[in-house]
Structure formats: structure tokens, C-alpha cells
Amino acid sequence: MKKLKQQITNAVSASLTSLSYPEKEFSLAPPKNPEFGDLSTNISLLLTQNLKMPPLEIAQSIAKELNKELPHHISEISVTLPGFINFKVDKSFYQSKVKTILDEDDSFGKSGLGAGKTANVEFVSANPTGPLTVGHGRNAVLGDTVSSILEWHGFDVTREYYFNDAGRQMRILGQSVEARYFEILGKEFEFPDDGYKGTYIKDIAQTILDDLGVDLSAGDSSFKEKAEISIFEDIKKSLLNLGVHFDQFTNEKTFYENGEIDKLLSELRDKDLIYDKDGATWFRTTALGKDQDRVYIKSTGEPTYRVPDTAYHRDKINRGFDLIIDIFGADHADAYPDVLLALESLGLKTDQIRVLLYQFVTLLRGGEKIKMSTREANFVTMDELVNEVGIDVVRYFFIMRSMNTHLDFDLELATDQSDKNPVFYLQYAHARICNIIKHGQESGLELGDDFDSGLLSHPEEINLIQHMVRFPEIMELAFENLEPQIIANTLQELATRFHKFYGQCHVITEDRVLSNARLALITSVKVIMGNGLKILGLTAPERM
RNA sequence: ACCCUCGUAGUUCAAUGGAUAGAACAAGUGCCUCCUAAGCAUUAGAUGCAGGUUCGAUUCCUGCCGAGGGUACCA
């Protein structure tokens, strides 16, 4: 399809030249209404200003020129109001594509854009202060799917989880566990004001009691350490439950221990980008075009998150990745530009870094907003959700929405409607195909190498193939935009066209030659649907 | 107050600056002697408000209204 479009583009350009019209970038895309043809260009609408002519007239002159020698696979050129030039692609072009898809199989639509390249995707990166919640779910599913998209295009991807077990949050976590420990023992305890109130804290305290006995004293480091280990195990388990695995966990502590943070600070100081004021150390962001300076080291001596974050990103750059992706929640929108600024001021190139911001999920229960807070223990865990509605429903729910939409997640609706989740629509198409193939086998029909694709001329058959040939371009688009949702949309459309085909055309019939051709067709649909579902981390069931 | 993101059908969401704004759920109506009715067909229903750019705006720009996030020596 890409080649065909290139040919048409060239042909249009050539006719512009012979008509002495100016060169201009123009679009060539399938029109919304298929009656107009398979591809349309807006070139004449764009030229109307330069030429001071009505667009329709321009279109007609170009079409006349193109008609002198029709581009390959083009059977008809028409002009419609207000001045689109439409191309009708020959059926045989589409018919021949079934074989292409079957031949390329798992590779159909792979661009190779990332061949020989490496990518790092950092996501989730939640500190181990509590269970993985629905809030983290969007991050996890997005990051995992973006990683899969990169892998599809040939990248060698490292899925990475960055965490910090040394900061304030973790200190309070330890204090919370300690308080519960003494509470269980009936001793005096003081629960921190901003402590973690979840019941999992009590569970951890109980475990510590069981394992280490009753003699721990206040301030024992076991409280925090045990809590961290236990919670991290839970998080990892929840991630696996969601179908997400990580290749690497990186601890913020590393950059204190290996001296990278000191190095970073002294380099910035040498460039006069750091100064001391009010007992704190400041990063001179105003010198780099921002409207206020930022604290780098608090008066307590503790660096703010920006410092290790910058060291961490320098580390990722030094590891030589061709592409570095961060999946952040909207609350980071203001923070990451400072990290990039610091890196750039150190002379590092940051073009390969792409930050994907996703908007928060608003949790609702029966229309009522739930304010999520790990500390206040107002959260719904991913495990609860996955156990209730299943991994495919959860993943698809997050994938089918654009990451910059503020989405509402009503728990009641989610569970009530989980059996109506559109993910089943895709999976059902896949299962239906598998069933037809099985049915064919039972009646002695097996897809061979030679089938007559010329028999695939029913409108629904052509309609189906017309959509399939766009798959490679759509996968490229998903890569450029790093939006999994694009894939969800295209599979949705593929399933629709398949179901319509199914309603109109019987595959296994008395007519063996036709059956064979249709078997080839649906197998090619299965290839694309299967690949698409796999990229999205969804199962492709053989029966439902 | 300022910055970022968003505002589309009753609800949850789609729509490379293009032609008649698409789905799903909810509401109404049809279709299983036929490869799975988790499907198909069909009715009704929407671009927050006001301007601007453009041949053409849901999309780009300005203002207003509304939601979420940020403007922390929290991450």
C-alpha cells in the first residue's frame, strides 16, 4: 500500500510539472466515504490560492493529465466537489495482498525502523509504599504496550523500573509499620501523622512479629526493610498478574553510592548553575529560560528528587540507548523539563528522550468520586480489579483510550459491564476464525498454497482486505505517536469488517475453490488480529 | 494569579486540517432449519460559549466558562 501510494504521489507530482503548476505537499488518504474511491488527494484545494482558480477546475485538469497514463493498479480517477481527486484501486491489487499477508505472517507490518537499535522504557516506577493500585495500572499497561510497539518495529527494549527506598516516604512507611508492631503487642505506640493507614501495614507488622519476635526496639531498621521487601514482592506479583514484566530495577541509591550525584552537582556548580541561598542549594533554572529557580538540596541536606532523577537520566544516556522513554503521570509535567535542562546544560544530547505523560484516572464507585491516596488507604488495587474482571478487560480498558484523556473509571460499571467490554469483540472475531478453520478441517478442507484470490470479489471481502493493507502504515503511526490506542482502534475496525463479512459470506461451502480462497482470506485476518492482540498483551482465544 | 492537559450523543470514549463527526453501553425495532447471536441489520441522539485563521475547523489561534494536574525545601 505504501508503494502504491508513492507511485500515485509521483504520478500527481509529474502531472503538476507538466501542467506548470507549483509543487506542493499534499495528502493522499482513504476518503471517509468509500463511494469516492480508495484514495483521495486534496492537491487542487491546496493549489487554489497559488493558481487563483476554482479548485474543481484545477482538479479536472490534473485528472485529465493523470488519465493520459493511469498509474499501476488504478482503474479509475474521478473528481468530486469541492475538488478532491479520487483514485479507484483495482480489485486485483487487494486480492493479491492476501497472499502477501500469509507469506509474511508474523512479519506483516513490521517496519524494521528499530532494527539494530536499543530502547529503554521506564515506567511504573512506584516507590514500594503500598500495593499497585488502579492508578498505577494505566502507567503499567501503557509502558508495557509502548515497549511492545517498539519491539514490533525491531527495537531491543529494556523495560525498566526506577525506585527509591531511601527517601521520606519510605521513612514514614517504616514508622507506620513500627507503630502497628507495638500496637499489636499492646505497647505504647505513636502513629505518624502522615503515616500509611492501610491494613497491609498491620499485616507486615504481624509478619515481622512472627519472624523476628517481640523484642524489636523502636527505630529498628527491620521495620522499613521488611516492609519494603514485602511490598515490593507484592508489586511484582501484581505486575505479573497484569502481564507486565521488567528487565531491570534501578535503585536511586545507586547514584549516591557511585558518586554520580556528587559529580553532577560539582559539574553544575562549575558552570555556575548552582548556588546557595537560605540554607538550601538551588538550581539556576532562570539562567536556562525558566521563570523560577528550583531547590536542588533542601536545608535538611536531602536532595530533591530532581537531582537523582537527573543522574539517573544521565546514566541512561550513557548506557547508549537510541531511544529513551519515560512514562509519567500528569503530576510530573512540571518536573521533567528541569531534568532535561540540567542534562542539556551538561552538554548531553536529549533528542532521544521522549516523555509520555498520561492523565490521571478518576476513580468512581456508583458515580461517586473516590479520592485516591496510598497514605489514606483510599485505593483499589490492581489485583482486586484483575481478579474481578480479568486481565484482558483491564488492559484493554487502559489501551483503548488516548493517554492524554482524563478518564473516568467507575468500578461498579467496570464490573457490571466487564462482559460487554469491547475487547471481547476483537477476541470473538479471532475465535470465530479459528472455529471456521476447524470446521473446514472437519470437512476435509485445508488451506493450501494455491488458492484463487481472484474469487474474492464480494464487497465485504474487498472491504476487509482494504482495511488489512493499511495495517503496516497504522503500526508505523503507532510508533511515531507512541499511542497504543491507535492499534486498538484499527483492530476494532478489522473485527467489525470481519463480522460483517461473516454475516454475508459463508466460508465453508460446497464450492471448494471458493471455500479455499475464503479460507485464505480469513487466515490472513487471523494473522493480523493475532499479531495485534499480542502487541496489546491480550490473549487471542481459539474459542470462546 | 500563572502554567499544562482536557471539554464531542443520556453515559464512557473515537475521529493524519477535509467530503454525511464514528463506536460501545443505555433506549426502540428486526434477524439463529445456515461455519459460535460475545454477532448482524435498523431507529433516535453530540462537537461547552464567543470570536479569528482557512476553500474547508472537533482538530490551529485568542477570550470566557467548567474539570483534572502543577506552580512545595513532597515524588
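Heavy atoms only: backbone and side chains are in, while hydrogens, waters and symmetry mates are out. Letters A, B, ... mirror the listed sequences (proteins, then strands); counts begin at 1.
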> So, is Gln492(A) close to the A24(B) phosphate, meaning a side-chain N or O under 4.0 Å from OP1 or OP2?
Replying inline: no
> Nearest of G68(B), A41(B), A37(B) to any side-chain atom of Tyr502(A)?
Replying inline: A37(B)
>> Side chain of Trp282(A) only, heavy atoms from C-beta on: which candidate in U71(B), C73(B), A75(B) is closest?
In response: C73(B)
>> Quick check: do Leu39(A) and Lys5(A) have side-chain heavy atoms less than 4.5 Å from each other?
In response: yes
> Which of the following nucleotides, G68(B), C13(B), C40(B), is nearest to the side chain of Gln359(A)?
Replying inline: G68(B)
>> Is there a side-chain contact between Gln292(A) and the phosphate of A72(B), meaning an N or O under 4.0 Å from OP1 or OP2?
In response: yes
> Paired with A57(B) by Watson-Crick or G-U wobble geometry, both distances under 3.5 Å: which nucleotide is it?
Replying inline: none
>> Taking pairing as Watson-Crick or G-U wobble with both contacts under 3.5 Å, can you name the mate of A72(B), or confirm there isn't one?
In response: none
>> Is the phosphate of C55(B) approached by Gln49(A) (side-chain N or O, under 4.0 Å from OP1 or OP2)?
In response: yes
>> Side-chain N or O of Tyr425(A) versus OP1/OP2 of C40(B): is the shortest distance under 4.0 Å?
In response: yes
> Between C73(B) and Arg294(A), is there an OP1 or OP2 to side-chain N/O distance shorter than 4.0 Å?
Replying inline: no
>> By nearest atom, which of the nucleotides A19(B), C35(B), U5(B) is closest to the Asn86(A) side chain?
In response: A19(B)
> Does C31(B) have a Watson-Crick or wobble mate here (both distances under 3.5 Å), and if so which one?
Replying inline: G39(B)
> Could you walk me through whether Phe84(A) and Leu45(A) pass the side-chain contact (heavy atoms from CB on, under 4.5 Å) check?
Replying inline: CA-CA 7 Å; Phe84(A) 290 102; Leu45(A) 296 163; 3.7 Å; yes
> Would one find a side-chain N or O of Lys32(A) under 4.0 angstrom from OP1 or OP2 of A19(B)?
Replying inline: yes
> Hey, what's the ring geometry for His313(A) with Phe328(A), parallel, tilted or perpendicular (30° and 60° as the breaks)?
Replying inline: perpendicular
>> It should be established whether Lys500(A) places a side-chain nitrogen or oxygen under 4.0 Å from OP1 or OP2 of nucleotide A41(B).
In response: yes
> Which nucleotide in the set C34(B), G18(B), A75(B) lies at the smallest distance from any side-chain heavy atom of His506(A)?
Replying inline: C34(B)
> If only side-chain N and O atoms of Lys420(A) are considered, is one of them under 4.0 Å from the OP1 or OP2 phosphate oxygen of A26(B)?
Replying inline: yes
>> Please evaluate residues Arg168(A) and Asp194(A) with respect to the criterion side-chain contact (heavy atoms from CB on, under 4.5 Å), reporting the C-alpha separation (whole Å), side-chain torsions for both, the decisive distance (0.1 Å), and the verdict.
In response: CA-CA 11 Å; Arg168(A) 201 176 88 91; Asp194(A) 40 8; 3.8 Å; yes
> A50(B) pairs with which nucleotide, Watson-Crick or G-U wobble, both distances below 3.5 Å?
Replying inline: U62(B)
> Taking the side chain of Asn33(A) as heavy atoms from C-beta outward, which of G18(B), U20(B), A19(B) is closest to it?
Replying inline: U20(B)
> Would Arg306(A) count as a cation-pi partner of Tyr296(A), with NZ or CZ less than 6.0 Å from the six-membered ring centre and within 45° of the ring normal?
Replying inline: no
> Nearest to the side chain of Phe360(A) - C35(B), A75(B), G69(B)?
Replying inline: G69(B)
> Paired with A19(B) by Watson-Crick or G-U wobble geometry, both distances under 3.5 Å: which nucleotide is it?
Replying inline: none
> Quick one: is U71(B) close enough that its OP1 or OP2 comes under 4.0 Å of any side-chain N or O from Lys290(A)?
Replying inline: no
> Can you check whether Asn489(A) has a side-chain N or O nearer than 4.0 Å to OP1 or OP2 of A14(B)?
Replying inline: no
>> Please name the nucleotide paired to C25(B) by Watson-Crick or G-U wobble geometry with both distances under 3.5 Å, or report none.
In response: G10(B)
>> Does Met475(A) form a side-chain contact (heavy atoms from CB on, under 4.5 Å) with Trp152(A)? I'd like the steps, not just the answer.
In response: CA-CA 9 Å; Met475(A) 289 309 295; Trp152(A) 173 262; 3.6 Å; yes
> Counting side-chain heavy atoms from C-beta on, which of A67(B), C13(B), A19(B) comes nearest to His406(A)?
Replying inline: A67(B)
